[in-house]
Amino acid sequence: MPGIDKLPIEEALEDSPQTRSLLGVFEEDAAAISNYINQLFQAMHRVYDAQNELSAATHLTSKLLKEYEKQHFPLGGDDEVMTSTLQQFSKVIDELSSCHAVLSTQLADAMMFPITQFKERDLKEILTLKEVFQIASNDHDAAITRYSRLSKRRENEKIKAEVTEDVYTSRKKQHQTMMHYFCALNTLQYKKKIAMLEPLLGYMQAQISFFKMGSENLSEQLEEFLTNIGTSVQNVRREMECEIENMQQTIEDLEVASDPLYLPDPDPTKFPVHRNLTRKAGYLNARNKTGLVSSIWERQFYFTQGGNLMSQARGDVAGGLVMDIDNCSVMAVDCEDRRYCFQITSFDGKKSSILQAESKKDYEEWICTINNISKQIYLSENPEEIAARINQSALEAVTPSPSFQQRHESIRPLVQSRPTAAHTSSTGSVGSESATLSALSLDSLVAPDTPIQFDIISPASEDLPGQAKSSGQAGRRANPFGESGGSKSETEDSILHQLFIVRFLGSMAVKSDESPDVVYETMRQILAARAIHNIFRMTESHLLVTCDCLKLIDPQTQVTRLRFKTAPKLEAIKVSFAQCSLVRYTPGE
């Protein structure tokens with residue numbers, strides 16, 4: 001190691017300018033050493049803090065690995081292999097944590113202690129001696145100045161003695177302080193090398209000791225374990241990359257296939273309507289009333305579950321019941337100038353919901369699905385097959401007439417060819433307490449391919465050619481304003497005389513009227529046909545019920561549009577204050 005510069009202690013008493021100049025150089029060097037040592041101390045302290053943090057973090061990691069088996073992951077399940085592997089890792093990391101704790105102790109003793117001692121003791125000693133030397137030097141200069149001002153003419157022995165004593169004391173103090181200060185500065189040149197090398201030596205020795213402890217803990221068995229784990233990780237990584245590639249391909253395929261579905265109302269020719277569904281799910285807008293005339297529409301996710309319609313808001317864990325749709329009725333409606341709206345009414349008529357679909361396809365599928373569920377065919381073994389048969393029959397049976405003349409012409413051949421066709425009446429109440437009708441029982445009630453009329457035909461078309469008129473009615477002309485003016489009213493002396501405002505849904509022929517189920521099934525088929533063909537208009541009429549007959553009267557002209565005599569055969573007729581459906585049945589059949 002090269003020689004070290006020194007301050008000449010023997011020249012301290014002389015206090016020459018050269019000595020003071022050399023002292024300034026040593027003081028600058030001490031300041032530079034102090035600045036550098038402070039930076040080095042901060043760096044080593046960060047190493048020491050990091051090691052303590054590493055030791056604590058390693059211990060925490062080991063603790064968390066031990067607690068893995070106590071965790072409950074929703075998708076994890078009981079993975080015994082993973083649990084045992086993490087337990088093994090926990091033991092190894094716990095041993096490493098102990099090694100890190102030993103390393104932290106060694107760094108504190110061998111690295112931080114020497115540099116801290118140098119910083120707090122030696123450097124502060126230099127600063128203290130520098131301040132004391134400055135004070136002593138100033139006192140000596142002041143004493144010399146006073147001594148130089150002594151008068152040679154009027155000598156005062158007392159004052160001279162005091163000044164002389166002051167010079168002696170201050171010079172002695174300065175000399176002693178300077179010598180100690182020079183000694184400390186000379187010693188600093190050695191201590192600065194020790195203060196930098198000793199902490200680094202302690203750091204390296206601590207690290208070597210740590211690595212030795214780690215190599216002793218890493219036995220051959222542990223190395224084999226780590227090798228197996230590395231192989232397993234690589235296998236999982238390859239499996240993940242393969243899965244990512246498959247998912248990316250699936251995403252690309254779905255993007256191409258779903259491109260037409262991004263439109264709110266896709267092309268029906270590319271995406272046909274499925275009318276045989278017994279389950280359906282998707283987003284719908286629900287109309288909720290907020291006042292007498294105000295309402296809001298809320299978008300929620302709806303789905304069917306058995307015979308129930310459920311809704312679920314985004315973020316909810318489970319759905320809530322909206323309505324029991326067994327034996328319910330569903331039909332398209334006009335609502336607030338919105339498209340694709342339909343109304344579901346419960347079997348007892350006490351609850352209804354108006355919903356809006358996003359597209360025409362969803363709109364028709366929801367109506368068909370709810371109509372299929374309302375018939376309870378979802379309880380059968382092959383619900384889709386039965387739904388297909390019923391919907392096919394409904395599609396073939398519906399013959400919507402755009403004009404009155406077409407309705408008149410379409411009914412006449414039917415009546416002539418089937419003079420004994422069935423005529424009976426049913427109402428808008430679709431409540432039924434009977435069990436689910438099978439496909440055979442439905443065919444036995446309502447004939448397949450039966451035409452449906454959605455409006456009441458003209459009274460003239462009721463004069464069937466095969467009917468024989470009584471002698472009292474021969475040549476009698478129908479009064480366009482009601483009954484004959486010359487005869488007494490049929491209902492004038494009737495005990496029962498009740499008038500209801502009703503709406504006509506439609507009429508169709510049936511095979512038999514022995515069971516009330518024929519009314520319910522007819523209602524379902526008519527409502528389904530209206531929903532399929534988007535027929536909203538319903539004729540309003542007045543239903544007059546007496547002991548002798550039932551009459552449907554035009555509310556505008558008071559003309560009797562249909563008339564039925566009260567008979568035991570017609571006990572299945574149900575009257576509703578909201579709407580009614582007519583079923584024609586000939587008693588002679």
Side-chain angles (χ1 to χ4, degrees), residues 1-46 48 108-109 111-200 202:
M1 184 172 292
I4 298 176
D5 296 329
K6 298 179 182 180
L7 282 169
I9 298 177
E10 58 276 6
E11 297 179 3
L13 181 61
E14 184 180 357
D15 193 16
S16 64
Q18 291 79 7
T19 304
R20 285 290 182 119
S21 177
L22 184 60
L23 176 62
V25 174
F26 272 77
E27 287 178 344
E28 291 180 3
D29 183 73
I33 292 174
S34 177
N35 184 39
Y36 178 77
I37 289 297
N38 285 330
Q39 297 180 13
L40 184 62
F41 174 81
Q42 293 177 0
M44 290 185 175
H45 202 280
R46 290 181 61 184
Y48 175 67
D109 296 337
M111 181 180 73
M112 294 307 300
F113 180 76
I115 195 170
T116 303
Q117 286 289 98
F118 177 74
K119 176 177 176 292
E120 298 295 334
R121 184 184 63 184
D122 298 331
L123 292 180
K124 283 188 177 181
E125 180 184 5
I126 295 295
L127 294 176
T128 302
L129 288 175
K130 181 179 180 180
E131 293 177 358
V132 172
F133 170 71
Q134 290 293 338
I135 294 173
S137 178
N138 294 334
D139 292 343
H140 178 261
D141 292 341
I144 290 298
T145 303
R146 289 177 60 191
Y147 182 78
S148 300
R149 291 177 181 177
L150 289 175
S151 176
K152 64 179 181 178
R153 296 178 181 179
R154 293 181 300 175
E155 293 184 0
N156 190 333
E157 295 296 332
K158 184 179 180 180
I159 296 175
K160 182 178 179 181
E162 291 178 357
V163 172
T164 303
E165 181 67 22
D166 191 14
V167 170
Y168 172 81
T169 304
S170 61
R171 181 171 291 179
K172 181 179 180 180
K173 182 179 179 181
Q174 178 188 2
H175 184 222
Q176 292 177 352
T177 304
M178 183 177 288
M179 287 190 297
H180 287 289
Y181 187 35
F182 282 11
C183 180
L185 289 176
N186 291 336
T187 307
L188 182 64
Q189 302 303 313
Y190 295 93
K191 287 184 177 180
K192 71 176 182 180
K193 297 180 180 180
I194 296 174
M196 288 186 292
L197 296 177
E198 189 176 10
L200 295 177

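Just so it is clear, the model here is predicted, and its values are computed rather than measured.
Between Ile159 atom CD1 and Arg149 atom CZ the span is 13.5 Å, to the nearest 0.5 Å. Rounded to the nearest 0.5 angstrom, Glu198 CD and Gln117 CD are separated by 10.0 Å. From Leu200, atom CG reaches atom CE of Met111 across 9.0 Å, with rounding to the nearest 0.5 Å. In this structure, CG in Leu188 is found 10.5 Å from CD1 in Ile194, a value given to the nearest 0.5 Å. Residue Ile115 holds its CD1 atom at 10.5 Å from NE2 of His45, rounded to the nearest 0.5 Å. Rounded to the nearest 0.5 Å, atoms CD (Gln42) and NZ (Lys119) are 8.0 Å apart.
Applying the ring-ring contact (aromatic ring centres under 6.0 Å, His included) rule to pairs touching residues 156-178 yields nothing, sequence neighbours excluded.
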message: Set out, in order, the CA-CA distance, both residues' side-chain angles and the distance that settles side chain to side chain contact (heavy atoms under 4.5 Å, CB included) for Thr19 and Glu14, then state yes or no.
response: CA-CA 9 Å; Thr19 304; Glu14 184 180 357; 6.0 Å; no
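In this structure, the side chain of Asn186 does not engage the main chain of Lys6 through any donor-acceptor pair within 3.5 Å. Judged purely by atom type and a 3.5 angstrom limit, Thr187 uses its side chain to pair as donor or acceptor with the backbone of Cys183.
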Just list the side-chain donor-acceptor pairs under 3.5 Å for residues 124-144, sequence neighbours left out, or say none.
residue, atom, partner, partner atom, Å
Lys124, NZ, Glu120, OE1, 3.0
Thr128, OG1, Lys124, O, 2.9
Ser137, OG, Arg20, NH2, 2.8
Asn138, ND2, Gln134, O, 3.1
His140, ND1, Gln174, OE1, 3.0
His140, NE2, Arg171, NE, 3.0

What donor-acceptor contacts under 3.5 angstrom involve side-chain atoms of residues 22-41, with partners at least two apart or in another chain?
residue, atom, partner, partner atom, Å
Glu27, OE2, Tyr181, OH, 2.7
Asp29, OD2, Gln189, NE2, 2.9
Asn38, ND2, Ser34, O, 3.1

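The closest side-chain heavy-atom distance from Lys192 to Phe118 is below 4.5 Å.
Across all their heavy atoms, Tyr147 and Val163 have their closest contact at CA-CG1, 3.2 Å.
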